[in-house]
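First up is the structure itself, then whatever we jot down about it.
Index from 1, following the sequence. Just the heavy atoms: all of them, side chains too, but no hydrogens, waters or symmetry mates, feed the values below.
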Amino acid sequence: MNVKGRLHLKGETQQISQKFAKRDFVVETEDKYPQLVSLQLTQDKCPLLDDYEVGDAVDVDINIRGREWTSPKGEVKYFNTLEAWRFNREQPEKMESVHLDNDSQDIPF
């Protein structure tokens, strides 16, 4: 799966424990109704975001992660994470320019 859009927010890497690091970021899709999609990098993937700036067009490959958690009160809850694993820089769409030559003799009238 992938998410395409513009980098809206770029968080810092957080060292959660000695063995786990994560980095949150948000991509704004460029759909008819734009969405702000919260994504996460983990472990050795955290530096992938270093070369990108807010506003950059990106195409992010993701995996959907889900897990179950039981609270101390015994309540069961479910959580999802959109985990990024690869970034591709999107190229702005090329605009074709039209050159009109006013001195052209090819006009049929």
Side-chain angles (χ1 to χ4, degrees):
M1 297 186 92
N2 69 328
V3 176
K4 290 183 180 184
R6 297 218 172 260
L7 185 59
H8 180 77
L9 179 75
K10 177 179 166 179
E12 295 296 323
T13 299
Q14 301 171 12
Q15 193 68 42
I16 304 302
S17 70
Q18 189 176 11
K19 295 182 179 183
F20 183 73
K22 72 174 190 169
R23 187 173 190 180
D24 295 321
F25 64 101
V26 176
V27 171
E28 182 174 4
T29 64
E30 295 180 339
D31 301 323
K32 181 177 179 181
Y33 300 104
Q35 302 294 310
L36 295 173
V37 181
S38 178
L39 301 149
Q40 184 179 89
L41 293 160
T42 58
Q43 303 302 84
D44 62 332
K45 302 292 184 194
C46 291
L48 290 177
L49 197 55
D50 290 346
D51 293 336
Y52 293 86
E53 298 297 328
V54 169
D56 285 352
V58 295
D59 180 1
V60 185
D61 292 321
I62 64 168
N63 290 325
I64 299 174
R65 302 281 184 218
R67 63 192 171 286
E68 179 181 274
W69 176 75
T70 304
S71 75
K73 294 180 181 180
E75 299 170 316
V76 177
K77 296 189 179 197
Y78 297 90
F79 296 93
N80 298 315
T81 302
L82 302 177
E83 188 172 304
W85 56 275
R86 181 171 54 195
F87 275 79
N88 298 299
R89 194 174 301 275
E90 281 288 289
Q91 299 300 320
E93 291 189 31
K94 295 179 182 176
M95 297 183 65
E96 293 184 17
S97 61
V98 177
H99 178 69
L100 298 176
D101 185 358
N102 291 334
D103 296 331
S104 176
Q105 299 300 320
D106 295 337
I107 301 175
F109 50 89

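Using modelled atom types, one side-chain atom of Q15 and one backbone atom of S17 make a donor-acceptor pair closer than 3.5 Å. Using a distance-only test at 3.5 Å, with no hydrogens or angles considered, no donor-acceptor pair links the side chain of E75 to the main chain of W69. At least one donor-acceptor pair under 3.5 Å links the side chain of S71 to the backbone N or O of K73. Under the 3.5 Å distance criterion, the side-chain polar atoms of T13 are left unmatched by any main-chain donor or acceptor of C46.
Between E83 and T42, some side-chain heavy-atom pair lies under the 4.5 Å cut-off. For the pair V26/L39, no side-chain contact is recorded, criterion being any heavy-atom separation below 4.5 Å from C-beta on.
Here the CG atom belonging to N63 is positioned 12.0 Å from the CD atom belonging to Q40, to the nearest 0.5 angstrom. With rounding to the nearest 0.5 Å, the separation of CG in L41 from CH2 in W85 is 12.5 Å.
Enclosure of atom CD in E68 by more than 12 non-hydrogen atoms of other residues, nucleotides or ligands within 6.0 angstrom is indicated.
For the residue pair L82 and S38, the shortest heavy atom distance occurs at CD1-O, 3.8 Å. Taking all atoms of both residues into account, the shortest heavy-atom contact from Q43 to K19 is NE2-O, 2.7 Å. Contact detail for I62 and V3: the closest heavy-atom pair is CD1-CG2, 3.9 Å.
In this structure, R89 is positioned above the aromatic face of Y52, its NZ or CZ under 6.0 Å from the six-membered ring centre and within 45° of the axis.
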Salt bridge (charged side-chain N to carboxylate O under 4.0 Å, His left out) between R23 and D50: does it pass, once the steps are laid out?
-> CA-CA 11 Å; R23 187 173 190 180; D50 290 346; 2.6 Å; yes
Just do the side chain to side chain contact (heavy atoms under 4.5 Å, CB included) check on D61 and N88 with the steps written out, would you?
-> CA-CA 8 Å; D61 292 321; N88 298 299; 3.8 Å; yes
Verify side chain to side chain contact (heavy atoms under 4.5 Å, CB included) between R86 and K45, making sure each step is shown before the conclusion.
-> CA-CA 8 Å; R86 181 171 54 195; K45 302 292 184 194; over 6 Å; no
Begin from the C-alpha positions of L9 and V54 and carry the test side chain to side chain contact (heavy atoms under 4.5 Å, CB included) through to its verdict.
-> CA-CA 6 Å; L9 179 75; V54 169; 5.8 Å; no
Do F25 and V60 pass the side chain to side chain contact (heavy atoms under 4.5 Å, CB included) test, and can you show the C-alpha distance, the side-chain angles, and the key distance before you say yes or no?
-> CA-CA 11 Å; F25 64 101; V60 185; 4.2 Å; yes
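For T81 and R67, the side-chain atoms include at least one donor-acceptor pair closer than 3.5 Å. Inspection of the D59 and N2 side chains reveals an N or O donor paired with an N or O acceptor under 3.5 Å.
When the side chains of ILVMFWY residues are joined at heavy-atom separations under 4.5 Å, either directly or via intervening members, I64 and L36 end up in two distinct hydrophobic clusters.
Within the structure, the salt bridge (charged side-chain N to carboxylate O under 4.0 Å, His left out) test picks out the following pairs touching residues 24-35 (sequence neighbours left out): R6-E30, K22-D24.
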